Number of protein chains: 2
Amino acid sequence: MTNRAYSAELAQLAGLLADRTRATFCLALLDGRAWTAGELAAYAQVAPSTASEHLNQLTEGGLLVERRQGRHRYVQLASPLVAELLETLTAHLDPPAVQPRGLRAANASAALARGRTCYDHLAGRLGVAVTDAMTGRGLLDQEGGFALTDAGRAWLTDDLGIEPAALRAGRRPSARGCLDWTERRQHLAGVAGARLCDRLLDRHWIRRIGTGRAVRLTPDGATALHDLLGLDGHAAGLI
Amino acid sequence: MTNRAYSAELAQLAGLLADRTRATFCLALLDGRAWTAGELAAYAQVAPSTASEHLNQLTEGGLLVERRQGRHRYVQLASPLVAELLETLTAHLDPPAVQPRGLRAANASAALARGRTCYDHLAGRLGVAVTDAMTGRGLLDQEGGFALTDAGRAWLTDDLGIEPAALRAGRRPSARGCLDWTERRQHLAGVAGARLCDRLLDRHWIRRIGTGRAVRLTPDGATALHDLLGLDGHAAGLI
DNA sequence: GCGACGCTTCGGCGGCCACCGAAACGTGCC
DNA sequence: GGCACGTTTCGGTGGCCGCCGAAGCGTCGC
């Protein structure tokens, strides 16, 4: 059977993520940025030598790409497709049983739940709220999967100034849903989600908090989203 | 970080698929039917005791559900979501390096490439041809992800007699793309894909070949698809 | 140039796990 | 009841793999 040929490859791919440390690396890299080997080692609490070996596996397996720069080794997810793969897998996980402990952890956790990037698009309450507002205004159609409406495409290009060419990508769908970890609901992903997130960062409507994935809505951003989408940041718990 | 809580679960989930034998089981079960423990053991060429232990893991991990019936243990993928998860993973694999050897294997492989079921919807040249024909007739919109158009929804209900309620499901998207193993192109999946496949089987427009996943277009089916979609079965290499 | 630093390579250790065969269990058939 | 058969449980075994520390390599800064 054809399956037999695939099963070894499938097992190999899954094996890359089947280790706690490597899984931690990949989830950390879901923020879309490049990390150094040392940062990842410290983050996952393993020896640098251990991290180095794991990174070899992940790059050889095609999940990560690396860039050597001076004495640093920067690694990054190989492509948005890898990010989508990770999102799909994490979406199938049960909600975590443990709650974060301690004030510091609780604050960080609350900030992440409020708003964050998910590889290259928005997630958390912010991501879901924007998605809902777009759907409510007829910019996005969630009936048959995720799809931009004509009005939605016009909104992104005319109102937000996104190049029409930048919305039409090859293999990657222009709009797709991504199941939100904290909200357990879909938010906008795909090319449109990525470009939208770029735009909001460009215009300083959202800003990264610290070095992590968390983002917060700026006052300018709250005004802009209210004008553009009728979104009330306070009511939606975004501020 | 929140990631740390997820990484253990992610590693656990991936670990279920990180074994060659378990991966073989899951890919076999992608045909959507229930297999007995013994069938799977023979298929994957392991001892029954080994298969039993693997099935325990897969069911405890939530990927499979089982039904005890007499002295048989039937197992099945737990839900369409699991099938989608597997499809997503296999879609990220490289095309297999090895070609099937021997006449028998080549025949089986050709039949699978011509048409097959992918869990609960159509795949292979047949699946892609139907998807393309639907897109060409404006029944399906592939611009912004996969979405049924109004005309497409009407076609499924009026021309094929599918209940409108059967197209509107909860968590599962009504239409989505699924990357085809053999064609390396997208075909229609999701609820619409499943109902469409049901219909074609009901009306004997397609028929299963042997006990595997392969299906073939019947003469009636060729006529019907020509009338409904303008699809020429011979030209498309479906017959 | 010299030390600090980030990273890698290597050897070794420990634990986990996939596998099997043998024996036991339960069901269906005669 | 007795046998055949599908399945499970249980030890035992071998191999793989994740981990570390020590040593080595290249880069940067003083």
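Chain letters run A, B, ... following the sequence lines, proteins first, then strands; residues in each count from 1. Source: prediction; values computed, not measured.
- Regarding Tyr74(A), its OH atom lies at a distance of 15 Å from the P atom of dT27(D), rounded to whole Å.
- For Thr21(B), whose side chain is taken as the heavy atoms from C-beta onward, the closest listed nucleotide among dC20(C), dC19(C), dC19(D) is dC19(C).
- Between Leu63(A) and the choices Val75(A), Leu16(A), Leu77(A), the side chain to side chain contact (heavy atoms under 4.5 Å, CB included) rule is met once, by Leu16(A).
- Counting to the nearest Å, the P atom of dC19(D) and the CG atom of Leu40(A) are 13 Å from each other.
- Counting only heavy atoms from C-beta outward, the side chains of Leu126(A) and Arg114(A) never approach each other to under 4.5 Å.
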Problem set entry | From CA spacing to verdict: ring pair (Phe, Tyr, Trp, His ring centres under 6.0 Å), Tyr43(B), Trp35(B) | CA-CA 10 Å; Tyr43(B) 176 72; Trp35(B) 292 51; 5.5 Å; yes

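- The CG-C1' distance, from Asp19(B) to dC17(C), rounds to 9 Å in whole Å.
- Side chains of Gln57(A) and Arg22(A): a donor-acceptor N/O pair is present below 3.5 angstrom, by distance only.
- Taking side-chain N and O atoms only, Arg71(B) has no distance below 4.0 Å to OP1 or OP2 of dA4(D).
- Gln45(B) places its CD atom 18 Å from the P atom of dA18(C), with the value rounded to the nearest Å.
- Neither OP1 nor OP2 of dA18(C) sits under 4.0 Å from any side-chain N or O of Arg20(B).
- For the pair Leu188(A) and Thr131(A), the tightest heavy-atom approach, listed with the atom from each and the gap, is N-OG1, 2.9 Å.
- Under the rule for a salt bridge (charged side-chain N to carboxylate O under 4.0 Å, His left out), the partners of Arg73(A) that lie at least two apart in sequence or sit in another chain are Glu66(A).
- Atoms CZ (Arg73(A)) and P (dC25(D)) sit 19 Å apart, rounded to a whole Å.
- Note: CG (Leu16(B)) to C1' (dA18(C)) measures 14 Å, nearest angstrom.
- Defined by atom type and a distance below 3.5 Å, a donor-acceptor pair is present between the side-chain atoms of Thr117(A) and Arg208(A).
- Shown for residues 49-70 of chain A: residues whose heavy atoms fall under 4.0 angstrom of DNA chain D, namely Ser49(A), Thr50(A), Glu53(A), His54(A), Gln57(A), Gly70(A).
- Summarising the geometry, the separation between CZ on Phe25(A) and P on dG18(D) is reported as 12 Å, rounded to the nearest angstrom.
- Listed nucleotides: dA18(C), dT7(D), dC7(C). Nearest to the side chain of Arg22(B): dA18(C).
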